[in-house]
Structures are given as C-alpha cells and as structure tokens.
Amino acid sequence: MSISRRLFLRNTALAGALLSIKSNAMAKATERTGIKEAFKNDFRIGTAISTSTLMKNDTRMQALIAREFNAITPENCMKWEPLRAHDKDWNWTAADKFVEFGEQHKMYIVGHNLVWHSQVPEEVFKNESGGTISKEALTAKMQDHITTLAGRYKGRIQAWDVVNEAVDDDGSWRKSPWHNIMGEDFIAKAFNMAHEVDPKAHLIYNDYNSESPIKRNFIVGMIKNFKKQGVPIHGVGMQEHLSIDGPGVDEIEKTLIALAEAGVRAHITELDIDVLPSVWNLPTAEVSTRFDYKPERDPYIKGLPKDIEEKLAKRYEDIFKIYLKHRDKIERVTFWGSADNETWLNDFPIKGRTNYPLLFDRNLEPKPAYFRVLDLKK
C-alpha cells in the first residue's frame, strides 16, 4: 500500500472519529437541554404529569420533565372525580402542586379537563331523590364546577381542555349523561362558561381518533358551526393514541389541514404509540374498554426486540415529519406520559401488560425513537 493511501485511510479514520465525538457531544448537549430546545422554533413539546409524580415528589421524574418539556398537562388530578369525589368536597392538593410545578419551570400549563363523561361521580347526574337531574340543575352544576376550577387558576393556566370526547367513532354525538340531559348544546355552554371565567385562556375541544375520516368530518363540522355561533373555541386536541401500524400519517395530515381551514389551532394532546398486539378491530381510547389478559397479548415482558424498537423509532420519525411539515398549524405536541414505566398503556385495555409507547424507557433513559426524532432537527 502506498504512503498516500495509508495517509488517506488514517485521515479518514481520524475524521470519522472526530465526527463521532462531535455527534456524541451534540447528543449529550441535547440530552441536557431537552427535546423542547430542539423544537423551540416549531411548537411546544409537552407531557402529562401523573398524580404519583406530584404527590410522591418523584425528583428523578420531575427533573426529566423539567429538562425535556416546556408544556404540561395533568394526567388525572384535575378531572372531576379525583378533584371532587363528592359534589361539595374539593381536594386541591395535587392540582395546586401541578400548577406550581409549571410556574416554577415557566411552562405552558394546560388544564385537563372541565367537562367529560368519564371519571365523574354518578351523583353529579342525580337529583336529591336519586332520579335523573334536570337540565337546569345540571347546567347549574356545570357552571359551578367550571367557575370554581377555572376561576381558581385564572391567569395561571394558559389553556383548558374544556370538553373531552363528546363525539362517537361513528360520527355522531356521544350519548353521555351530559348530552342526554342537556342536549348537544352542552358543549357550547361549557365553552362560553369557561370564556366568561377566564377570557384570556386558550380553549380546546379534545378527542381521540380524529384521524378517522368519519369522526374528523363530524368534528370539523361541529367547529365550523360553533364558529358561526360565536362560540369561543380556539383549538382542537388530536389525542393521537396511535398504534405502531396505524393510522397512516396521511390521515393525520388531512386532519391538521382540515382543522386549520376551520380556523382553529391543532394541539397534539396525548401522543403515544402502542407496540403491543391489537385486540380490537378499530383503534380507540375509550377508557371503559377492557379485555382479558393472555400471555400472547403481552409478548415483550423481557424487553422490546430490536426490530420492534426500530419500527417504533421509524413510526415516531414519520409522525414528526408530518408535524414539522405543518408546524404553522400546531400549537404543541404533548406526550401522554414521560416514560414507559408510568404509561397508562401498561394497563389499557388489558391490565398488567408491559408496553413501550414513549420516548423514554423504564429507567428514564432516552430510547432510539428519541434520537430519531431529534435527528429531524439536525
């Protein structure tokens, strides 16, 4: 081998080593500043905080959240039942801690949620005799709840999920107690009430399966109708509880475009990617859905195989490419949880499974999907 050839190979190897060192240094720097920094000129990057993280003062998880994210949503502590197990008894401890954490770290704080059919005590919909409450009485209860909750954090919470999951997958109104008692205008009333309490808050309608054409069309029609009525609805939350195999990013893109054309901001509110075998024919995030545990439905107890890890990373990459393409339409991208050890998908729709839907593993370390997403910003 000639001297020049040896020099060329030596220099190439040296350049490769330097490049590797530089890449590692960049990765370490990003780890320290967080994914929020990489996307700071595109949209906010958020996460849902569990009540356990707040109440047990989980300092490792809290440090991860503070480093990686600049928007937060309470996973459960502001829902009616955890906050107010009985009509007149309010427990503000966890909710106060949540808001204080966001303020301490100068985050975009989202309240979740004001009106939902789930995690509401049955007595809310009953009169004193145990029968179904009247429309007028339930409207008064809604007013009291929104006024008290949104009023307590007025000026401190930047956005509210006002109404959650009021549309069924078949493109019709969900026949919830709110709908059955108050009629479909309960949604407009909730938004008007929230706006009266905090006129500066960004108000959101939040739902899952918004990528489904039937459901998307219904939601967009609802938004346009509300806009004509002057209902103060500013954003729509696309929950994005996705599977590793679908839906296709083209349907996500269509929803982003349709929402922008309807005049509202898109919020990706509850992003996660289920890697486990599906046990139903259609994707859903209806929390009442349950299936029996079987070993074949929980195949990755000992860890995620490399091919599935790569498939998850590629799925996140493809999704974030669409988000970046439509960055002008998106207010934030929020993951439903920060790390795999606390994801709700470990127990939904089958209790006790081992799932891997987020960017951080059970040891709070970044996964290949994390770096694949960051690579989009290089």
Cut-off 3.5 Å, side chains only: do [X] and [Y] have a donor facing an acceptor?
X: Y370; Y: E68; answer: yes
X: Q158; Y: Y153; answer: no
X: E165; Y: N206; answer: no
X: N76; Y: K79; answer: yes
X: N346; Y: N355; answer: no
X: T93; Y: N91; answer: yes

Parallel, tilted or perpendicular for F125 and W178, by the 30°/60° rule?
->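 The rings of F125 and W178 stand perpendicular, inter-plane angle above 60°.
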
Between the side chains of [Y] and [X], is the shortest nitrogen-to-carboxylate-oxygen separation below 4.0 Å, so that they form an ion pair?
X: K378; Y: D375; result: yes
X: K306; Y: E309; result: no
X: E331; Y: R44; result: yes
X: D42; Y: K377; result: yes
X: K311; Y: D307; result: no
X: E310; Y: R372; result: yes
X: D207; Y: R216; result: no
X: E123; Y: K126; result: no
X: D168; Y: K175; result: no

Ring-face cation contact, Y356 with R362, 6.0 Å cut, 45° max | yes

Can you name the nearest heavy-atom pair linking E75 to S50, along with the distance?
-> OE1-CB, 3.4 Å

Looking at D274 and R353, what are the two nearest heavy atoms and their distance?
-> OD2-NH2, 4.4 Å

K215: which of D169, T255, N209 passes side chain to side chain donor-acceptor pair (under 3.5 Å) =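 Output: one option passes, namely D169.
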
Do [X] and [Y] share a hydrophobic cluster, counting only Ile, Leu, Val, Met, Phe, Trp and Tyr and linking them when any side-chain heavy atoms are less than 4.5 Å apart?
X: F39; Y: V110; result: no
X: M238; Y: Y108; result: no
X: M78; Y: L114; result: yes

Are the side chain of R60 and the backbone N or O of N363 linked by a donor-acceptor pair below 3.5 Å?
->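 Looks like yes, one N/O pair under 3.5 Å.
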
Short side-chain to backbone donor-acceptor contact, K321 and L376, under 3.5 Å | no

Show your working on side-chain contact (heavy atoms from CB on, under 4.5 Å) between D89 and R84 and close with a plain yes or no.
-> CA-CA 6 Å; D89 300 327; R84 192 181 182 188; 5.9 Å; no

Could you go through the ring pair (Phe, Tyr, Trp, His ring centres under 6.0 Å) check for W80 and H117 one step at a time?
-> CA-CA 10 Å; W80 196 310; H117 65 276; over 10 Å; no

For F98 and F101, run ring pair (Phe, Tyr, Trp, His ring centres under 6.0 Å): C-alpha distance rounded to whole Å, both residues' side-chain angles, the deciding distance at 0.1 Å, then the answer.
-> CA-CA 5 Å; F98 165 78; F101 180 87; 8.2 Å; no

Does the separation of the ring centres of H195 and F191 fall below 6.0 angstrom?
->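 For H195 and F191, the ring centres are not under 6.0 Å apart.
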
I would like to know whether E342 and F360 meet side-chain contact (heavy atoms from CB on, under 4.5 Å); could you show each step before the answer?
-> CA-CA 10 Å; E342 65 171 14; F360 292 86; over 6 Å; no

After noting the C-alpha distance and the side-chain angles of H234 and W160, does the key distance pass the ring pair (Phe, Tyr, Trp, His ring centres under 6.0 Å) rule?
-> CA-CA 10 Å; H234 311 126; W160 277 101; over 10 Å; no

